[in-house]
Amino acid sequence: MKKILICLAILIGLTSFKTVGVRTAHLTCKSETGRTEFYAEIEDIDSKIKKAELIIDGEKIEFANEVNSNIIFDSKNGVFTMYLQSKNQSKKDFIKYKFLKFWAIPKSFKIIQEESDKGKYEFKAKIFSTDPRKGKDSTPEIELNCIFEYEI
């Protein structure tokens with residue numbers, strides 16, 4: 001009986017702690033006009049994209065695990081960049097090719113909260129991407145107001 005209680009106490013102790021690291025960081029952006037919105041879920045602040053979507057005039061383009069993603073985040077210098085690109089780039093599947101470039105405007109970067117286990121930032125950013133609207137290839141550069149948050 002004593003062994004069962006010890007094993008149970010160890011099991012409860014091991015499963016009650018949070019996993020070290022950021023689970024998912026959330027980026028939410030919207031243009032001044034409200035016509036353009038961008039959302040992204042990022043693993044470990046600057047690791048890889050879990051999911052992202054760009055909405056312009058109600059038309060949506062989505063990015064998920066099937067894309068190559070490069071993300072750089074440096075809050076002290078106001079740097080946040082993201083580049084997403086389809087993995088499959090063969091000529092045969094060029095119709096399915098999509099990309100997205102996103103960068104914060106450093107002088108607009110504000111640290112709202114930054115602690116060892118959570119952070120919240122506000123900034124203006126620009127985005128250039130495959131256009132989700134029918135008959136359009138790529139977007140113009142669009143300025144967005146963004147909030148970026150994470151919690152460990």
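Predicted, not measured: the structure shown is a model, and the values here were computed from it.
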(request) Fit a plane to each ring of F123 and F102, take the angle between them on a 0 to 90° scale, and name the class: parallel (under 30°), tilted (30 to 60°) or perpendicular (over 60°). (result) perpendicular
(message) Under the rule for salt bridge (Lys or Arg N to Asp or Glu O under 4.0 Å), what residues qualify as partners of R133, not counting sequence neighbours?
(response) D57, D131
(request) May I ask you to test the N145-E122 pair for a side-chain heavy-atom distance under 4.5 Å? (result) no
(message) Between Y150 and K120, is the side-chain contact (heavy atoms from CB on, under 4.5 Å) condition met? List the steps.
(response) CA-CA 7 Å; Y150 69 88; K120 183 174 181 178; over 6 Å; no
(message) Using 0.5 Å steps for rounding, measure from the NZ atom of K48 to the CG atom of N68.
(response) 11.0 Å
(message) Counting only heavy atoms not in E32 (residues, nucleotides, ligands), do more than 12 fall under 6.0 Å from its CD?
(response) no
(request) Measure the OG1-CD distance between T28 and E37 for me, rounded to the nearest 0.5 Å. (result) 9.5 Å
(message) Looking at every non-hydrogen atom in both residues, tell me the closest pair between L54 and P132 and how far apart they are.
(response) O-CG, 4.1 Å
(message) Can you see whether F63 has K98 sitting over its ring - NZ or CZ less than 6.0 Å from the centre and within 45° of the normal?
(response) yes
(message) Distance check, rounded to the nearest 0.5 Å: H26 atom NE2 versus F148 atom CZ?
(response) 9.5 Å
(request) Would you tell me whether K30 and T36 have side-chain atoms, one donor and one acceptor, within less than 3.5 Å of each other? (result) no
(message) Restricting to side chain to side chain donor-acceptor pair (under 3.5 Å), what partner residues turn up for K136, sequence neighbours left out?
(response) none
(request) Give the other cluster members for I112, using side-chain heavy-atom distances under 4.5 Å between Ile, Leu, Val, Met, Phe, Trp and Tyr residues; answer none if it is isolated. (result) none
(message) Is the shortest side-chain heavy-atom distance between T139 and I56 below 4.5 Å?
(response) yes
Enumerate donor-acceptor pairs with a distance under 3.5 Å from any side-chain N or O in residues 69-81 to protein atoms, sequence neighbours excluded.
unit_1 : atom_1 : unit_2 : atom_2 : d
S69    : OG     : I49    : N      : 3.2
D74    : OD1    : K76    : N      : 3.3
D74    : OD1    : N77    : N      : 3.4
D74    : OD2    : N77    : ND2    : 2.7
S75    : OG     : E114   : OE2    : 2.5
K76    : NZ     : E114   : OE1    : 2.5

(request) Taking the side chain as every heavy atom from C-beta outward, state whether T24 and K50 have any atom pair closer than 4.5 Å. (result) yes
(message) Would you compute the distance between atom CD1 of I127 and atom SG of C146 and round it to the nearest 0.5 angstrom?
(response) 8.0 Å
(request) For K126, enumerate each residue passing the salt bridge (Lys or Arg N to Asp or Glu O under 4.0 Å) test, keeping only those at least two apart in sequence or located in another chain. (result) E141
(message) Using 0.5 Å steps for rounding, measure from the CD atom of E41 to the CG atom of L27.
(response) 10.5 Å
(request) Under 4.5 Å between side-chain heavy atoms, chaining through other members, with only Ile, Leu, Val, Met, Phe, Trp and Tyr counted: pull out the rest of the cluster around Y39, sorted by chain and number. (result) I55
(request) Measure the NZ-NZ distance between K124 and K107 for me, rounded to the nearest 0.5 Å. (result) 11.5 Å
(message) Are F38 and S129 packed together at the side-chain level, in the sense that at least one heavy-atom pair is separated by less than 4.5 angstrom?
(response) no
(request) Using a strict 4.0 Å threshold on nitrogen-to-oxygen distance, state whether K60 and E53 make a salt bridge. (result) yes
(request) May I ask whether Y83 and F128 are part of the same hydrophobic cluster, defined by side-chain heavy atoms of I, L, V, M, F, W, Y residues being less than 4.5 angstrom apart, directly or through others? (result) yes
